[in-house]
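Comments concern the structure below.
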Amino acid sequence: MGFTDLLDQVGGFGRYQWLHVTLISLPGLLMASQNLLNNFISGIPNHHCMVLANHSLLNLSLQEVDAQQLLKVFIPSDASGSRLERCRRFVQPQWQLLAANNSSNGSEPQTEECLDGWVFDRSEFQTTTVSEWDLVCLRRPLKQMIQTIYMGGVLAGAIIYGSLSDRLGRRSILIWSYLQLAVLGCCSALSPTYSAYCIFRFLSGMAVSGIILNGVSLKVEWIPTRTRTLVGTLSSFFFTFGQMILAGLSWWLRDWRKLQVVVSAPHFLFFAYSWWYSESARWLVMNGQAEKGLKTLHRVARINGKKEMIDKLTLEVLQSHMTKEVESSHLRFTAYDLLRTRGMRRISICLMAVWFSTSFAYYGLAMDLQKFGVSIYVVQLIFAAVDIPAKILTLGMLSWLGRRVSQALCLFLSAVIIFANICVPTDMQTVRTALACLGKGLTSASFTVVYLYSGELYPTVIRQTGLGFVSTMARVGSMAAPAVLILDEVLPALPSMVYGGAAVLAGFFACFLPETLNVPLPDTIQDVEDRCSTQRPYFQQKERVTLQVGLVSSEGVALKELKESDAAGLNRL
């Protein structure tokens, strides 16, 4: 008997669970907007150096030349010769370039940096942080720094809020995170300076982490074992649809301050209805609040139409179902406990590798949409749409192949796609974009698996601390991904080689995780140790099966069966 039996008695996946999962998943429509916002908030418009108006035009009539030709007098062409240089201008106007029969005299005109600022094209973006604070040319790293600082906030939030929610509860931290993101997200739109905007984005990132991690735990801990796969996968579609919403909103508004407000203000609504949530009854019992946990179960039974269970479900019944949890309710756990025992250490190290590589590859593909040479709004929409078949496929894989094989397969296949894109010539832009979309879909599927998988692997007593701990590696990966793009100046294929190599390594680590398909959630660290002791890593299982089937005696007679002790002895040999 366990808590899962109690969930079945109060209605299983009933009316309460439907409302609960839907309301917690709704903010996911805007989580994509927060994570990928920098693509549009800090989009880089076409630009060139500002030309001073007091340059003498001699007796030239402006009607005789168009604006683009006139700019060539002041702005040199780039190395390709197809467009104007973005970061330099002529020291002196080169009027001879307007002559139809102009030929170079062999000497290069002297150029200088854009000392008087830049002129930005407003056809794609009306305003961005780049055009507002001139984050181009030598200041271009500051543009990417916004995303790095934001992800730093997400990392800090995973550490801080992950630990706090195991002490203060999932519900209270989730409610606070909604309010924090609503207030600070709107404040970001009012930022007078670049520094102020970065500070607000850092604090917003902390709130995003609190929302995602606590939302996952609250959903998982109220869902019966048999429906976790379906609900976990379907709720991830909110993030997918959120990417489509982001593409539409950014195309419609095209002003970074308006877009910032629109994706942040709805969290006031989420904050308002989040008070309806029930705290995790598992967490309440584990923290010595069994009476509150009982009241919460009574509320769920009433909403699910199981009023007859209110009288039957007493404190004694609850404690009899959760004996181990009640006995451990006086204990306090820290991040150290994630690495203290053998099973927890194995799970934590493997999950750290999976989270890092998944995020590393995902944001390496998703945070540089302008490189594809297609409208950034169209690319964002395609990148979102490809997640739909990917996650439907993931649902089937999780149900039939299990978590471990699905996780490893998503990572290995994404690595294959990334490596394949290296071999495609740069002039085949359509093929490269299609492969990038497929790779992004597989990394998105890997995210879906790892969120569900991590929540099932860690015990209730330390689930939020564990999720916060391993998900910090995802934030490290998302912070490191843009920096790797600089390597293309050394070798264009190098960033893809790094992304793909990381995915291969993480897929290998995923094979050493225990399977959780149709297995009840662990409540104590001992539950995890017992599970890890009875489940071998994927590769060792295959070796044991091969040994049992293929080992033949010297007389040529197949051995019918190997006892567990015999197999262990042969493994040591």
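Fair warning: this is a prediction, and the values are worked out from it, not measured in the lab. Just so it is clear, the values below take in all heavy atoms, side chains as well, and ignore hydrogens, waters and symmetry mates. Index from 1, following the sequence.
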**Request:** Mind running ring-ring contact (aromatic ring centres under 6.0 Å, His included) on Y451 and W355 for me, showing each step along the way?
**Result:** CA-CA 9 Å; Y451 267 113; W355 276 91; 4.8 Å; yes
**Asked** Does atom CH2 of W276 have more than 12 heavy-atom neighbours from other groups under 6.0 Å away?
**Response** yes
**Prompt:** Just wondering, do I44 and F125 contact through their side chains at under 4.5 Å, heavy atoms?
**Reply:** no
**Request:** Could you tell me whether the side chains of Q180 and W176 share a donor-acceptor contact shorter than 3.5 Å?
**Result:** yes
**Student check: side-chain heavy atoms of L213 and Y161 closer than 4.5 Å** = no
**Prompt:** Sulfur to sulfur, is the gap between C114 and C87 shorter than 2.5 Å?
**Reply:** no
**Salt bridge flag under 4.0 Å for residues E124 and R254** = no
**Note, Q147 side chain near N39 side chain (heavy atom, < 4.5 Å)** = no
**Item:** Centroid-centroid under 6.0 Å between F508 and F412 rings
**Value:** no
**Asked** Have R86 and N46 got a donor and an acceptor in their side chains that come within less than 3.5 Å?
**Response** yes
**Item:** Between Q407 and S446: side-chain donor-acceptor atoms closer than 3.5 Å
**Value:** yes
**Message:** Do K143 and T129 pair up side chain to side chain, a donor and an acceptor below 3.5 Å, judged on atom types alone?
**Reply:** no
**Prompt:** Under a 4.5 Å cut-off applied to non-hydrogen side-chain atoms, are L135 and I146 in contact?
**Reply:** yes
**Item:** Between W256 and Y197, ring centroids under 6.0 Å
**Value:** yes
**Message:** Quick test of your reading of the model: are E112 and R88 salt-bridged, counting only N-O distances below 4.0 Å?
**Reply:** no
**Request:** With R201 as the cation and Y150 as the aromatic partner, state whether NZ or CZ is under 6.0 Å from the six-membered ring centre and within 45° of the axis.
**Result:** yes
**Request:** Taking the six-membered ring for Trp and the full ring for Phe, Tyr or His, determine whether the centres of F360 and Y499 are under 6.0 Å apart.
**Result:** yes
**Prompt:** Given side chains that start at C-beta, do those of T128 and S42 come closer than 4.5 Å, heavy atoms only?
**Reply:** no
**Message:** Under 3.5 Å, is there a donor on one side chain and an acceptor on the other for W118 and S131?
**Reply:** no
